[in-house]
Amino acid sequence: MKAYNFKELEKKWSPVWENMGLYKTGDDPEKTNFYCLDYFPYPSGAGLSVGHCRNYIPTDVICRKKRMDGHNVLHPMGWDAFGQPAEEYAIKTGMHPVEVTRVNTENYKRQMKLFEAGYDWEREINSSHPDYYKWTQYFFLMLYDKGLAYQSDNFQMYCPSCRIVLSNEESAGGICWRCSGEVVKKRLPQWYLKITEYADRLLEELDDLDWPENIKAMQRNWIGRSHGAEVVFSIETEKDGVIKLPVYTTRIDTIFGATFCVLAPEHPELPGITTEKYKKDVEQYVKASGAKTDLERLVASEKGKTGIFTGAFATNPFNGEKVPIWTADYVLAGYGTAAIMAVPAHDERDHAFAKKYDLPIIEVIAPDGIPQGVEDEATVADGELINSGQFSGLNSEESREVMAAYAESNRFGKAETRYRIRDWLVSRQRYWGAPIPIIHCEKCGAVPDRNLPVVLPDVESYEPDDSGRSPLAACQDWVNTTCPKCGMPAKRETSTMAGFACSSWYFLRFASPNCTDAPFDMEEVKKWLPVDLYVGGAEHAVMHLIYARFWTKVMFDAGMLDFTEPFTCLKNQGMLISFDHQKMSNSKGNVITPDELVVKYGADALRLYIIFMGPFEAEIEWSEEGLAGTYRFVKRVWNLFLDTAELEEIETDKAFDKELRYELARTVKKVTKDIDGFQFNTGVAAMMEFLNFLSVNRGKASSSAVTWRKVQKEFLTILAPAAPFVTDELWHMLGFGEENDTIHTQKWPEWVEKDLEKDTVEIVVQIKGKIRGRISVPADASRESIEQMALGLEKVQDYLKGAVPKRVIVVPGRLVNIIG
RNA sequence: GCCGGAGUGGCGGAAUGGCAGACGCGACGGACUCAAAAUCCGUUACCUUUCGAGGUGUGAGGGUUCAAGUCCCUCCUCCGGUACCA
């Protein structure tokens, strides 16, 4: 018998499949289309790790099965080549980004082929190619034309270590998404996209998506919609007379308990309202808190909030009370109106502040109208309003509506919805990105350059610096141009777009990657989109995934698409933990590559192990030992099937023949459901069980030739998506395939329900829930007969000692439970 | 704090409310071998045992049920996210 040699099989079959175009996107009009997409990777120098395999191998298995199920499958791959990660790598190695991209994408592609990830390489795309980024620029201008792209020099997050401005999403928690360093605030003119305009739709349209709950929760959280009210307090100033101070609150029901107001140190009115007497101290405080990062502020305030009185007072429009105005950095400049009414009785932060500075605390919300006392602790729960003038006696919920309406009719406030999400800062003072296609003209202002692509010039020096200037600014030939509008000399915008702009529409490009007169062919997009299955890591929950949803909605509004959500079903593979107990990642240098494993165990064993090692979504610690197990499994399949290839007609054991059919049908059913349901691990286990069954019964019992042929054929077929090499080889060796044929285009087997029917079933007999015996009964036995048989057991008789049982529960096909 | 998820053998993990630990790894014992590797066969939750079996076990404590890893309540721990958002 021929020995199993995976190297030989891989060398033989890979080119065969490539030549027959096995992975080419299907276009049979009779079949339904299935678009499966893997997050397109940024090509890093470290290459693919086994962590990437947990993404690409399961989707490959799914796609192979979908093809066998009779679908046209689109499973493309491309490169997220522009942007910070690729550029950081180029800077680190001193290689030009173009060269880095070329070398790394080649390596990725080679590795993907190592474990036979079946992509349609005719549709390969690269976001750093002018053919592609021309359209990224096109979308930027579309956003610009719709008033959804604008320039502003608000405060931005800046990572001093990466020397780059970051979007809010990229700097969540005050930490840079790339280097995990602390970010600082900076002010530079930057380009923003108005994602906030889509906040409601981004929030509401999440509900119907087949996405993991945690990702949806993260997006909801990030969008952070809150319903509240804006109320205008008035301030009598020394110089400017009465000015208005709008505050935002979600608890207007507590407004009679407002005993002071607090402005963020950055609040624009602060200098104006501060009285002479307090000016010096306030200025000093503002300066001190401005020097701190948000993170430092938070850490400092955990030890005790700080703030300072301004000398000014504000009048509460609800009760005419004058309350002191303070400034404190626990109030954030970037949210609401940067000013709050402080209600120490019913807000923990205000309570802490009032305690520290000895400010009054007035209880205005009481459960069932009974005051609880709020000196020691704030009560934040809803309740009944007390000490609240005409509103006393109402409950919190209704009063919020009533009081907002009251404020509106008296013109000192209104109900208002606020969001946490900020507009998307999309410009970067970086070389390696799509240039923002804008020309600045002294006369005409910012003018779109519609002569696309605006090609990224080739430059020698592309390293960023702290100046806030793009490396492109030094490229005079490129910067100096003429205004498309008036023809006068003008200068190009030197910022490029963040990498996340490129990935906000790439899934559309795959439908027609070579389209030259539009970003995509609408007919092709109609055929394939939205993406049926999108698979990648969870780390892009509030970056890529929210940006892509935003762009899709904008395109829908522009009439370019007939759907508003790009990804119908999303799955996140679990992280792989490396030997150092940290997430396996290029930046941590703890990466294990598939290369060495394929050499040692073969692609089939690696593929099986990757899907067998645990549930798809679970975080798992990498261990190579388990890989020996799937390697043994593949080898056992090989040996057993070749060993039993030649069938001699011997006497058939009818009972075994039936049992064999039963086990086969059970396995086919289980594997079918498990692959469809992303439960690959138990699917593989089922195939192992079946092989064990065959192994144990080999030589002990014989089936009919027809059944055995069916077993060989169907077992190989259901194993084929996970182990493509060994199955195709055996398929041919056992004589199922023609010369130019492959198992991978065979029809997925269907199980016969009738085969799953059994003549007799084993039933567990319990006494008071404890197992005391088993009986074998006909599958169609009646409850009564099962009960009689169970009661007849010696153990049961001993237990009952002749008495009549109190109760007998019979679950046909499962168990009998006797309660004495 | 808030949101999401998870706690089951030595390990990764299985279990439509119905036989807990499938499958795999590791370990132990045996066969084959001069020997080893590979392969094959067996054992492998814990305690007791007269070897028939008996008892205990799914983070903790309550509850519902004939029956709970699974459902409900109260906690604890871990992972991920987020956090002075008014």
Side-chain angles (χ1 to χ4, degrees), chain A residues 3 172-174 212-222 224-226 228 247-252 254 258 262 264 294-295 297-302 305 328-332 334-343 346-350 352-353 380 418-421 538-539 541-542 572 574-575 577 583 608-609 612-615 617-630 632-633 635-636 639 679 681-692 695-696 762-771 773-774 805-811 813-819:
Chain A
E213 248 346 283
N214 62 325
I215 303 285
K216 289 208 226 180
M218 278 156 81
Q219 291 211 354
R220 287 193 187 106
N221 212 319
W222 189 256
R225 181 163 74 184
S226 73
V247 302
Y248 178 71
T249 177
T250 53
R251 293 297 305 272
I252 194 172
T254 65
V262 187
D294 282 3
L295 216 61
R297 280 192 187 185
L298 183 58
V299 170
S301 80
E302 262 159 23
K305 301 196 185 316
D329 60 12
Y330 81 91
V331 173
L332 304 177
Y335 186 78
T337 59
I340 61 157
M341 62 170 202
V343 184
H346 306 295
D347 181 283
E348 282 166 11
R349 295 151 305 178
D350 297 344
F353 195 80
V380 295
R418 297 257 171 187
Y419 303 87
R420 250 184 48 160
I421 192 170
E539 66 273 14
V542 290
N572 301 123
M575 271 197 305
I577 305 300
K583 184 191 168 177
L608 277 163
Y609 182 58
F612 177 67
M613 59 199 278
E617 297 89 352
E619 176 181 299
I620 293 176
E621 205 156 322
W622 171 257
S623 109
E624 199 183 304
E625 276 150 4
L627 191 43
T630 51
R632 274 197 279 269
F633 170 67
K635 214 152 104 176
R636 286 179 67 209
N639 290 338
Q679 320 239 283
N681 55 332
T682 49
V684 174
M687 291 191 275
M688 288 173 165
E689 267 178 86
F690 186 65
L691 186 73
N692 289 344
S695 228
V696 165
E762 189 177 74
I763 285 194
V764 168
V765 179
Q766 297 181 331
I767 295 171
K768 277 168 81 177
K770 288 200 187 297
I771 298 150
R774 287 153 208 281
K806 271 189 207 141
R807 209 176 148 188
V808 180
I809 287 120
V810 181
V811 184
R814 291 203 181 269
L815 55 71
V816 178
N817 192 5
I818 297 159
I819 296 99

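Model, not experiment: these values are computed from the prediction. We name chains A, B, ... by the order of the sequence lines, and we start the count at 1 in each one. The figures here come from the full heavy-atom set of this structure, side chains too, leaving out hydrogens, waters and symmetry mates.
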>> With rounding to the closest Å, how many angstrom separate the P atoms on G59(B) and G54(B)?
In response: 26 Å

>> I'd like the C1' distance from A20(B) over to U56(B), given in whole Å.
In response: 13 Å

> CG/D347(A) to OG1/T249(A) distance, rounded to the nearest 0.5 angstrom?
Replying inline: 8.5 Å

> In whole Å, what separates the C1' atom of U43(B) from that of C76(B)?
Replying inline: 37 Å

> Which pair of non-hydrogen atoms, one from Y335(A) and one from S226(A), has the smallest distance, and what is that distance?
Replying inline: OH-OG, 3.1 Å

> Any idea which heavy atoms bring I252(A) and M341(A) closest together, and the distance?
Replying inline: CA-CE, 4.5 Å

> When you compare A83(B) with U70(B), how far apart are their P atoms, in angstrom units rounded to a whole number?
Replying inline: 35 Å

> Using the purine O4'-C1'-N9-C4 or pyrimidine O4'-C1'-N1-C2 torsion, is G52(B) syn (within 90° of 0) or anti?
Replying inline: syn

Protein-nucleotides 13-22 of chain B N/O pairs under 3.5 Å:
unit_1, atom_1, unit_2, atom_2, d
A14(B), OP1, N681(A), ND2, 3.1
U16(B), O4, R814(A), NE, 2.5
U16(B), O4, R814(A), NH2, 2.5
C19(B), O2, R774(A), NH1, 2.6
C19(B), O2, R774(A), NH2, 2.9
C19(B), N3, R774(A), NH1, 3.1
A22(B), O2', E689(A), OE1, 3.3
A22(B), O2', E689(A), OE2, 3.2

> Quick one: does H346(A)'s side chain get under 4.5 Å of V380(A)'s, heavy atoms only?
Replying inline: no

Report all interatomic pairs (protein N or O, nucleotide N or O of nucleotides 41-50 of chain B) with separations under 3.5 Å.
none

> Within this structure, what is the CD1-to-P distance between I215(A) and C3(B), rounded to whole angstrom?
Replying inline: 18 Å

>> If you assign each of G224(A) and K768(A) to its closest nucleotide in RNA chain B, which residue comes earlier from the 5' end?
In response: K768(A)

>> What's D350(A) touching, base or sugar-phosphate or nothing? Going by heavy atoms closer than 4.0 Å.
In response: nothing

>> Mind checking if A172(A) touches a base, just sugar-phosphate, or nothing, with heavy atoms under 4.0 Å?
In response: sugar-phosphate

> Do the side chains of D350(A) and Y330(A) get nearer than 4.5 Å, heavy atoms only?
Replying inline: yes

> Between A342(A) and V262(A), what is the shortest heavy-atom contact and its length?
Replying inline: CB-CG2, 4.3 Å

> Do the side-chain N or O atoms of R251(A) get closer than 4.0 angstrom to the phosphate oxygens (OP1, OP2) of A86(B)?
Replying inline: no

> Can a side chain N or O of Y330(A) be found less than 4.0 Å away from OP1 or OP2 on A86(B)?
Replying inline: no

> Roughly, in whole Å, what's the span from NZ in K635(A) to P in A37(B)?
Replying inline: 14 Å

>> Regarding L332(A), tell me which of base, sugar-phosphate or nothing describes its non-hydrogen contacts under 4.0 Å with the strands shown.
In response: base

> Rounded to whole angstrom units, what separation is found between the CD atom of Q219(A) and the P atom of G4(B)?
Replying inline: 15 Å

>> Would you say N572(A) places a side-chain N or O within less than 4.0 Å of OP1 or OP2 belonging to G80(B)?
In response: no

>> From CE of M575(A) over to P of G80(B), roughly how many Å is that when rounded to an integer?
In response: 6 Å

> Any chance the side chains of N692(A) and R636(A) put a donor and an acceptor closer than 3.5 Å?
Replying inline: yes

> Is the glycosidic torsion of G9(B) within 90° of 0, making it syn, or is it anti?
Replying inline: syn

>> For a quick test of reading the model, state the closest non-hydrogen atom pair linking V343(A) to T254(A) and the distance between them.
In response: CG2-OG1, 3.4 Å

> Is the closest side-chain heavy-atom distance between N817(A) and R807(A) below 4.5 Å?
Replying inline: no

> Between N572(A) and P212(A), which heavy-atom pair has the shortest distance, and what is it?
Replying inline: OD1-CG, 3.3 Å

> Atom OH of Y419(A) to atom C1' of U82(B): distance rounded to whole Å?
Replying inline: 20 Å

> How do R420(A) and R632(A) order along RNA chain B: which one's closest nucleotide is nearer the 5' end?
Replying inline: R632(A)

>> In dot-bracket form, 5' to 3', how is RNA chain B paired? Count Watson-Crick and G-U wobble pairs only if both distances fall under 3.5 Å, and write | where the partner sits on another strand.
In response: (((((((..(((.....[....)))((((((.......))))))((((....))))..(((((..]....))))))))))))....

>> Students often get this wrong, so: under 4.0 angstrom with heavy atoms, is V331(A) touching a base, only sugar-phosphate, or nothing?
In response: base

> How long is the line joining CG of N639(A) and P of C40(B), in whole Å?
Replying inline: 8 Å

>> Suppose you measure atom C1' in A60(B) against the same atom in C78(B); what distance do you get, rounded to whole Å?
In response: 15 Å

>> Treating Q219(A) as the side-chain partner and A541(A) as the backbone partner, does any N or O pair qualify as donor plus acceptor under 3.5 Å?
In response: yes

> Quantified in whole Å, what is the C1' atom distance between nucleotide A45(B) and nucleotide G9(B)?
Replying inline: 5 Å

>> The side chain of T250(A) is closest to which nucleotide in this list: C3(B), A38(B), A86(B)?
In response: A86(B)

>> Could you tell me how far apart M688(A) (CE) and G12(B) (C1') are, to the nearest whole angstrom?
In response: 12 Å

>> Are the side chains of Y609(A) and E624(A) in contact, using a 4.5 Å heavy-atom criterion?
In response: no

> Do the non-hydrogen side-chain atoms of I809(A) and I819(A) ever get within less than 4.5 Å of each other?
Replying inline: yes

> In whole angstrom, what separates E625(A)'s CD from A27(B)'s C1'?
Replying inline: 12 Å

> Quantified in whole Å, what is the P atom distance between nucleotide C46(B) and nucleotide C41(B)?
Replying inline: 24 Å

>> Taking G1(B) as the reference, what is the distance to U49(B) when you measure between their P atoms (whole Å, please)?
In response: 48 Å

>> What verdict does the side-chain contact (heavy atoms from CB on, under 4.5 Å) test give for L608(A) and M688(A), after you've listed the backbone C-alpha separation in whole Å, the side-chain angles of each residue and the deciding distance to 0.1 Å?
In response: CA-CA 11 Å; L608(A) 277 163; M688(A) 288 173 165; over 6 Å; no

